[in-house]
Amino acid sequence: MNNIEVTNYVKYIGVNDKTIDLFESQYKVPNGISYNSYLIRDEKNVVMDTVDGRMTKDWLNNLEEALEGDKVDYLVVSHMEPDHASNIELLSNKYPEMKIVGNNKTFMYIKQFFNISNLEERQVMVKEGDILNIGKHTLQFFMAPMVHWPEVMVTYEQSEKILFSADGFGKFGALDVDEEWVDEARRYYFNIVGKYGAQVQALLKKASNLDIKMICPLHGPILKENLEYYINKYDIWSSYKPEDEGVFIAYASIYGNTKAAAIQMAKLLEEKGVKQVVLADLTREDMAEAISNAFRFGKIVLASSSYNSGIFPPMEQFLHHLEGKNYQNRKIGIIENGTWAPSAGKCIKSILDNMKDITICEPMVTIRSRMNETSKSQMEELAKELI
């Protein structure tokens, strides 16, 4: 079992997965991922969520070790996504007297995923604010729809003041990896939950009325200290405010001339005093990281080659990802490149028009094949406008 201390009564029974390459079959996780699950030992023993089917054996071993020969009385299902819910049926068969705690949508999805005998007799249907007493501990349930599935709920344990936060406050990376929380938590948030900022704000409002001493998410480390820091990050991210001062430059270059322009723009901005300028090559670098940085900074530059009377596909893909994540409230500069008919800028603008509170800086820089004195002058003016 992972040697993770929660409390005397709350045991960590989750697992690290370092064999996975793509989380949700799309996000690179070079340091793996944790699937967190917890056991509350009391007069009634409660399992807080299961784990991904990839790690069933290790999780069951952890559970049985923590139970010390006892049985499971309740399974609380915070979230029905398979990386947390894959073992609901297995656990139900192993402990036939176990009750399953969830809301109306939870049980709708359980019926879609599994075939559990006598489910109606075993289900404990909860709604906003409902309480389950298990002895010295009292669980209170709060609905968190669309953070980031419709059935999501969080659980507040009143005696030890623990918030079991479902996917909220999670991060990529296994628990035995030594890395800063914020970068992988940001990448996780904007790519997994980012579209649903309003719903996260609603959950934060509920949480503000609770005395929280510890946050136990379904991915990433248990948060015990300086909770204001983590909650503040979520408040910034979910309200679509820029997190850091600086400029993010995302470029998509075919033969290198657009890349050269992006590097030149970075140099101009740094010469004018911008302390943080981050460059990303959309043709090679992690798309999820680029999306994270686009939300991190309040100002970005999009530099793209033209392609088939449109945009070079890596840039087009990036923009549609941002659109799907509810990207908004940013100041954007555009650099287009084309040999005979530059088209990237017009197409970029047409996608940005679908986003909320986007300010497009003038001038838009047009490069014909490679930079010349005219385009360099335009870049100088754009740099001034950005800062």
Side-chain angles (χ1 to χ4, degrees), residues 13-15 17 20 23-26 33 35-40 44-60 62-64 67 71-134 139-157 163-168 170 192-193 195-196 199-200 202-203 206 216-219:
I13 57 171
V15 290
D17 185 356
I20 188 172
F23 181 72
E24 289 191 353
S25 296
Q26 58 180 319
I33 191 83
Y35 309 118
N36 296 344
S37 175
Y38 308 89
L39 173 67
I40 304 174
K44 301 293 185 182
N45 293 318
V46 180
V47 172
M48 304 296 296
D49 293 288
T50 74
V51 301
D52 193 282
R54 297 167 55 89
M55 304 300 291
T56 296
K57 183 178 178 181
D58 290 346
W59 172 73
L60 275 179
N62 290 347
L63 171 60
E64 290 170 358
L67 281 169
K71 61 184 175 68
V72 177
D73 297 288
Y74 291 101
L75 168 64
V76 173
V77 182
S78 303
H79 184 18
M80 278 300 300
E81 202 167 6
D83 58 326
H84 307 298
S86 287
N87 293 287
I88 291 176
E89 184 172 351
L90 182 150
L91 199 65
S92 299
N93 292 336
K94 185 175 178 64
Y95 298 101
E97 296 180 0
M98 181 189 76
K99 301 288 187 180
I100 303 172
V101 182
N103 56 66
N104 182 56
K105 286 189 172 64
T106 308
F107 293 106
M108 182 190 309
Y109 298 157
I110 284 178
K111 292 174 184 176
Q112 293 174 191
F113 277 105
F114 307 113
N115 182 21
I116 298 175
S117 61
N118 303 320
L119 179 60
E120 285 72 20
E121 298 172 14
R122 303 177 68 176
Q123 68 186 26
V124 178
M125 190 88 70
V126 296
K127 58 184 184 303
E128 182 75 16
D130 280 356
I131 284 174
L132 176 65
N133 292 306
I134 59 171
L139 306 180
Q140 188 171 18
F141 306 100
F142 296 93
M143 303 302 112
M146 299 317 302
V147 187
H148 58 113
W149 277 26
E151 86 299 348
V152 173
M153 65 183 191
V154 301
T155 303
Y156 178 65
E157 198 294 299
L163 181 68
F164 295 92
S165 60
D167 270 346
I192 305 295
V193 189
K195 179 178 180 179
Y196 304 106
Q199 290 84 352
V200 174
L203 179 57
K206 294 179 184 181
C216 290
L218 288 178
H219 295 293

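Count residues from 1 along the sequence.
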Pairs under 3.5 angstrom only: tabulate donor-acceptor contacts from the side chains of residues 93-100 to other protein residues two or more places apart or in another chain.
{"residue": "Asn93", "atom": "ND2", "partner": "Glu89", "partner atom": "O", "Å": "3.4"}
{"residue": "Lys94", "atom": "NZ", "partner": "Glu64", "partner atom": "OE2", "Å": "2.9"}
{"residue": "Lys99", "atom": "NZ", "partner": "Glu121", "partner atom": "O", "Å": "3.1"}

(request) Mind checking side chain to side chain donor-acceptor pair (under 3.5 Å) for Lys127 and listing every partner two or more places apart, or none if nothing turns up? (result) none

(message) Nearest 0.5 Å, please: how far is CE in Met80 from CD1 in Ile110?
(response) 5.0 Å

(request) Output all residues satisfying ring pair (Phe, Tyr, Trp, His ring centres under 6.0 Å) with Tyr156, sequence neighbours left out; order by chain, then residue number. (result) none

(request) Please name the pair of heavy atoms, one in Phe114 and one in Ala85, separated by the smallest distance, quoted to 0.1 Å. (result) CZ-O, 3.1 Å

(request) Without swapping roles, check the side chain of Asn62 against the backbone of Gly14 for a donor-acceptor pair under 3.5 Å. (result) yes

(request) State, with a plain yes or no, whether a side-chain heavy atom of Val154 is found less than 4.5 Å away from one of Leu203. (result) yes

(request) Can you sort out the partners of Asp73 under salt bridge (charged side-chain N to carboxylate O under 4.0 Å, His left out), two or more places apart, ordered by chain and number? (result) Lys71

(request) For the residue pair Phe23 and Asp83, establish whether any side-chain heavy-atom pair is separated by less than 4.5 Å. (result) yes

(message) Distance check, rounded to the nearest 0.5 Å: Leu218 atom CG versus Ser165 atom OG?
(response) 6.5 Å

(message) Side chains of Pro217 and Phe164, heavy atoms from C-beta outward: is any pair under 4.5 Å?
(response) no

(message) So, using salt bridge (charged side-chain N to carboxylate O under 4.0 Å, His left out) as the criterion, who are the partners of Glu24 when residues are at least two apart?
(response) none

(message) Suppose we screen for side-chain contact (heavy atoms from CB on, under 4.5 Å). Which residues come up paired with Pro145, at least two apart in sequence or across chains?
(response) Met143

(request) Just jot down the side-chain contact (heavy atoms from CB on, under 4.5 Å) partners of Leu90, sequence neighbours excluded, or say none. (result) Thr56, Leu60, Asn87

(message) Is it the case that over 12 heavy atoms from other parts of the model lie below 6.0 angstrom from the NZ atom of Lys195?
(response) no

(message) Just by distance, no angles: are the side chains of His148 and Glu81 close enough, under 3.5 Å, to form a donor-acceptor pair?
(response) yes

(message) Run Leu132 and Tyr74 through side chain to side chain contact (heavy atoms under 4.5 Å, CB included) and show every step you take.
(response) CA-CA 10 Å; Leu132 176 65; Tyr74 291 101; 3.9 Å; yes

(request) Starting at CG of Leu139, measure out to CG of Asn133 and round the result to the nearest 0.5 Å. (result) 8.5 Å

(request) For side chain to side chain contact (heavy atoms under 4.5 Å, CB included), just list the numbers for Gln140 and Thr155, CA-CA rounded to whole Å, side-chain angles, deciding distance to a tenth of an Å, and then say yes or no. (result) CA-CA 6 Å; Gln140 188 171 18; Thr155 303; over 6 Å; no

(request) Sorted by first residue and then second, give each salt bridge (charged side-chain N to carboxylate O under 4.0 Å, His left out) pair with at least one member in residues 140-156; sequence neighbours left out. (result) none

(message) Can you classify the ring geometry of Trp149 versus Tyr109 as parallel (below 30°), tilted (30 to 60°) or perpendicular (above 60°)?
(response) perpendicular

(message) Applying side-chain hydrogen bond (donor to acceptor under 3.5 Å, both in side chains) to Trp59 and Thr50, what does each step give before you reach the verdict?
(response) CA-CA 8 Å; Trp59 172 73; Thr50 74; over 6 Å; no

(message) Let me confirm one number: the NZ-OG1 distance from Lys111 to Thr106, rounded to the nearest 0.5 Å.
(response) 11.5 Å

(message) Using the rule given for side chain to side chain contact (heavy atoms under 4.5 Å, CB included), can you reason through Ile40 versus Met48, listing the C-alpha separation, both sets of side-chain angles and the distance that settles it, and then say yes or no?
(response) CA-CA 8 Å; Ile40 304 174; Met48 304 296 296; 4.2 Å; yes

(request) State the CZ-CD1 distance between Arg54 and Ile33, to the nearest 0.5 angstrom. (result) 11.0 Å

(request) Could you tell me which residues satisfy side-chain contact (heavy atoms from CB on, under 4.5 Å) with Gln123, sequence neighbours excluded, listed by chain and number? (result) Phe107, Leu119, Met125

(request) With sequence neighbours left out, write down each residue that passes ring pair (Phe, Tyr, Trp, His ring centres under 6.0 Å) with Tyr35, or none if nothing qualifies. (result) none

(message) For Ser78, give me all partners under side chain to side chain donor-acceptor pair (under 3.5 Å), at least two apart in sequence or on another chain.
(response) Asp49

(message) Going by the rule salt bridge (charged side-chain N to carboxylate O under 4.0 Å, His left out), which residues pair with Asp58 if we only count those two or more places apart in sequence or in a different chain?
(response) none

(request) Indicate yes or no: at least one non-hydrogen side-chain atom of Ile131 is less than 4.5 angstrom from one of Phe141. (result) no

(message) Measuring only between side-chain heavy atoms, which start at C-beta, is Asn45 closer than 4.5 Å to Leu67?
(response) yes

(request) Using modelled atom types only, decide if a donor and an acceptor are shared between the side chain of Arg122 and the backbone of Ser92 within a distance under 3.5 Å. (result) yes

(request) Could you give me the CA-CA distance, side-chain angles and deciding distance for Asn36 and His219, then say whether side-chain hydrogen bond (donor to acceptor under 3.5 Å, both in side chains) is met? (result) CA-CA 6 Å; Asn36 296 344; His219 295 293; over 6 Å; no

(request) Please examine the side chains of Val152 and Met146, heavy atoms only from C-beta on, and report whether any two atoms are closer than 4.5 Å. (result) no

(request) Assess whether side chain to side chain contact (heavy atoms under 4.5 Å, CB included) is satisfied between Val126 and Met153, documenting all intermediate values. (result) CA-CA 10 Å; Val126 296; Met153 65 183 191; 3.8 Å; yes

